[in-house]
Amino acid sequence: MAITIKDILSLDGFEHAILLAGEKKMDNEVRKATLMEVPDIFPFLEEKSFILTTLYPIRSDKEALDELIPRLLQSDATGLCIKVGRYIDKIPETMIQQAKELNFPLVELHGSDNLSSLAMDILSISLDEHINQISFLNSVHYQLMKLFLKGHDIDSLVNEFSRLIQAPVLLLDSTYNVLATSPTLEESKMDIHTETPYHGNSLISIEIDGNNYLPNDLLVHPIEASERIFGYLILLQPENNNKNLMMVVEEASLLLATAFYKNYAVAEKERNFQDSFVRDLLQGSNISQMDALHTAKLYGWEMEFPQILLVLKVYSSDSSLVRSTYEELLTQRTIQKIISRKLFTDPNKIMLTFLDDSLVIFVNAAFIEDSKEKMKEIGQLILEILSPSYDAGIGISSPVLDTKSIPEAYGEAQTSLRIGRKLETSSFVSHIEDNLIYSVLKEIKNQSILENFVDNVLGEVIQHDKEHNGQLLETLYVLIQTGFNLKEAAVKLFIHYNTLRYRVNRLKDLGIDIRNELRIADVTVAYHIYLWIEASKRSED
């Protein structure tokens with residue numbers, strides 16, 4: 001506990017002291033007792049100092065007397081004790097009035113007590129308190145370190161820490177989910193509220209069994225190691241001025257960070273082996289279905305068929321931000337939680353891996369009715385936690401029934417992702433079955449046939465847009481979407497109807513007459529082939 005003015009006035013040397021002002025500030029912390037032996041004490045004054053003086057240095061200086069208390073308060077002094085009877089008969093009324101108005105502790109002392117002795121008494125209890133702090137810190141360090149070295153889990157460390165400090169404790173992960181609590185909170189219903197939904201530190205408030213704990217009611221300390229925040233250690237209704245508590249919280253946080261990092265390092269190594277296995281599946285390595293199911297079980301993945309693959313890609317020029325986002329999604333199992341809640345399935349039936357600057361998600365599609373719409377709904381739920389920060393896209397495959405078809409499903413998910421990126425300017429979910437024509441196009445092995453067809457139908461438009469940074473291809477896409485309804489297309493393009501008519505005439509000059517029904521059929525097919533070819537390329541615009 002911090003030493004306060006109340007503690008000082010309980011010392012024997014202050015038994016006849018009179019408190020003249022500052023009754024409401026008896027809990028002011030005192031870090032040092034300072035004797036005022038020179039007129040200008042302020043350059044040497046440390047914060048939270050309790051000043052002892054006879055006023056001898058300034059007894060004849062009215063201006064200095066009038067300024068003393070305001071300047072002490074400004075210097076963050078904690079209180080003033082004036083001994084009368086030797087150099088001054090009484091404390092000036094002006095000073096008493098100032099102390100009352102400023103609610104600044106002012107103490108009057110009589111008798112033969114030596115101020116130096118009183119300062120030593122204050123120093124003595126301060127030293128005792130410091131020794132107690134060190135002793136308490138060492139005790140906490142010893143008890144927690146003993147558990148840590150014996151390999152106890154994070155739950156055990158949290159429980160022991162709560163017992164040592166005799167206070168309720170929570171441990172949250174980096175996305176504010178409850179990881180562990182002290183025993184007194186195990187059966188409690190909790191809701192964690194933060195200012196930011198996903199990234200970054202924020203003010204935390206907690207509702208426990210109907211009781212609200214606001215940020216000022218909590219002591220929150222990050223669990224951090226190697227510039228990575230693993231979570232937050234939280235104490236309910238702590239004594240904010242308790243330096244002992246602050247020190248042991250830092251000590252506990254350090255050990256918890258070590259435990260987290262140890263677990264993270266082990267999990268990272270296991271994940272490397274797991275990811276290697278999953279990459280083999282995606283790349284079509286010669287693994288029998290029986291071996292694949294057995295190996296998946298070793299990694300805690302209950303792999304069943306049919307499987308649907310989703311490819312999630314975050315679009316940002318900040319590669320470190322993208323990677324940290326993927327890391328957080330992987331380590332916190334955020335996506336598994338979303339999918340398992342939506343499908344009422346075990347999270348272990350869902351697998352994630354990082355590959356080619358994107359996340360690949362395997363979902364067990366057994367017992368799912370209308371899997372296409374369900375997967376698109378899941379995609380939108382995933383985007384909701386990412387879209388506030390940056391654009392992201394999700395491509396979804398059709399279901400596959402065996403391990404040999406996994407590379408094909410992966411290709412479908414990648415293709416649908418690239419097509420979605422071509423068509424959309426913000427976050428999107430794209431399913432391979434949204435455009436059935438692609439299932440036909442993928443069967444055509446001779447790509448030159450498709451490329452020649454696109455060139456014959458759209459070649460002049462594509463060339464025009466490249467040379468003039470034009471928007472005719474975009475206009476053509478919206479016309480196809482709206483069934484070549486000019487009014488509807490103008491609204492969707494956010495342009496005037498006359499502007500659209502100008503573009504339609506320009507398209508006609510380039511060989512595309514939307515009034516010719518047969519030509520419209522060719523244009524629609526050619527445009528989808530164009531998207532397919534662009535999406536199938538390794539690099540994206």
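The residues of the chain are indexed from 1 along the displayed sequence.
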Examine distances only and state if a side-chain atom of [X] and a backbone atom of [Y] form a donor-acceptor pair shorter than 3.5 Å.
{"X": "Ser427", "Y": "Ala392", "answer": "yes"}
{"X": "Asp346", "Y": "Lys349", "answer": "no"}
{"X": "Arg323", "Y": "Asp318", "answer": "no"}
{"X": "Ser430", "Y": "Ser416", "answer": "yes"}
{"X": "Ser324", "Y": "Ser320", "answer": "yes"}
{"X": "Asp434", "Y": "His431", "answer": "yes"}
{"X": "Ser49", "Y": "Leu45", "answer": "no"}
{"X": "Asp7", "Y": "Thr4", "answer": "yes"}
{"X": "Asp217", "Y": "Leu214", "answer": "yes"}
{"X": "Thr78", "Y": "Glu29", "answer": "yes"}

Quick check for you: to the nearest 0.5 Å, what is the distance between [X] atom [atom1] and [Y] atom [atom2]?
{"X": "Glu108", "Y": "Ile18", "atom1": "CD", "atom2": "CD1", "value": "5.0 Å"}
{"X": "Tyr176", "Y": "Ile192", "atom1": "OH", "atom2": "CD1", "value": "11.0 Å"}
{"X": "Leu170", "Y": "Leu179", "atom1": "CG", "atom2": "CG", "value": "10.0 Å"}
{"X": "Ser397", "Y": "Ile361", "atom1": "OG", "atom2": "CD1", "value": "11.0 Å"}
{"X": "Glu67", "Y": "Gln74", "atom1": "CD", "atom2": "CD", "value": "10.0 Å"}
{"X": "Leu386", "Y": "Tyr315", "atom1": "CG", "atom2": "OH", "value": "12.0 Å"}

Heavy-atom distance under 4.5 Å between the side chains of [X] and [Y], does that happen here?
{"X": "Leu68", "Y": "Met95", "value": "yes"}
{"X": "Leu383", "Y": "Ile394", "value": "yes"}
{"X": "Lys100", "Y": "Leu20", "value": "no"}
{"X": "Met375", "Y": "Val363", "value": "yes"}
{"X": "Asn28", "Y": "Pro105", "value": "yes"}
{"X": "Leu355", "Y": "Leu282", "value": "yes"}
{"X": "Ile223", "Y": "Leu233", "value": "yes"}
{"X": "Val107", "Y": "Leu80", "value": "no"}

On a heavy-atom basis, which atom in [X] and which in [Y] lie closest, and how many Å separate them?
{"X": "Ile82", "Y": "Leu106", "result": "CD1-CD1, 3.9 Å"}
{"X": "Gly379", "Y": "Val429", "result": "C-CG2, 3.6 Å"}
{"X": "Ile51", "Y": "Ala77", "result": "CG1-CB, 4.5 Å"}
{"X": "Gly300", "Y": "Asn348", "result": "O-CB, 3.4 Å"}

ring-ring contact (aromatic ring centres under 6.0 Å, His included) partners of Tyr56, counting only residues at least two apart: Tyr87
Could you tell me whether [X] atom [atom1] has more than 12 heavy atoms of other residues or ligands within 6.0 Å of it?
{"X": "Asp89", "atom1": "CG", "result": "no"}
{"X": "Glu186", "atom1": "CD", "result": "yes"}
{"X": "Glu23", "atom1": "CD", "result": "yes"}

Thr53/Leu35 under side-chain contact (heavy atoms from CB on, under 4.5 Å): CA gap, chis, key distance, verdict: CA-CA 6 Å; Thr53 182; Leu35 294 174; over 6 Å; no
Check the pair Ile385, Ile338 against side-chain contact (heavy atoms from CB on, under 4.5 Å), reporting the backbone distance first and the verdict last. CA-CA 10 Å; Ile385 65 171; Ile338 290 173; 4.1 Å; yes
Just do the side-chain contact (heavy atoms from CB on, under 4.5 Å) check on Leu352 and Val360 with the steps written out, would you? CA-CA 6 Å; Leu352 263 72; Val360 183; over 6 Å; no
Go through the steps to decide whether Thr34 and Leu52 satisfy the test side-chain contact (heavy atoms from CB on, under 4.5 Å), and finish with yes or no. CA-CA 6 Å; Thr34 301; Leu52 298 124; over 6 Å; no
Look at [X] together with [Y] and state whether they make a salt bridge at an N to O cut-off of under 4.0 Å.
{"X": "Glu302", "Y": "Lys297", "result": "no"}
{"X": "Asp76", "Y": "Lys48", "result": "yes"}
{"X": "Lys374", "Y": "Glu377", "result": "no"}

In short, side chain to side chain donor-acceptor pair (under 3.5 Å) pairs touching residues 357-367 with sequence neighbours left out are Glu304-Asn364, Lys313-Asp357
Is the cationic atom of Arg71 (NZ for Lys, CZ for Arg) positioned less than 6.0 Å from the six-membered ring centroid of Phe42 and within 45 degrees of its normal? yes
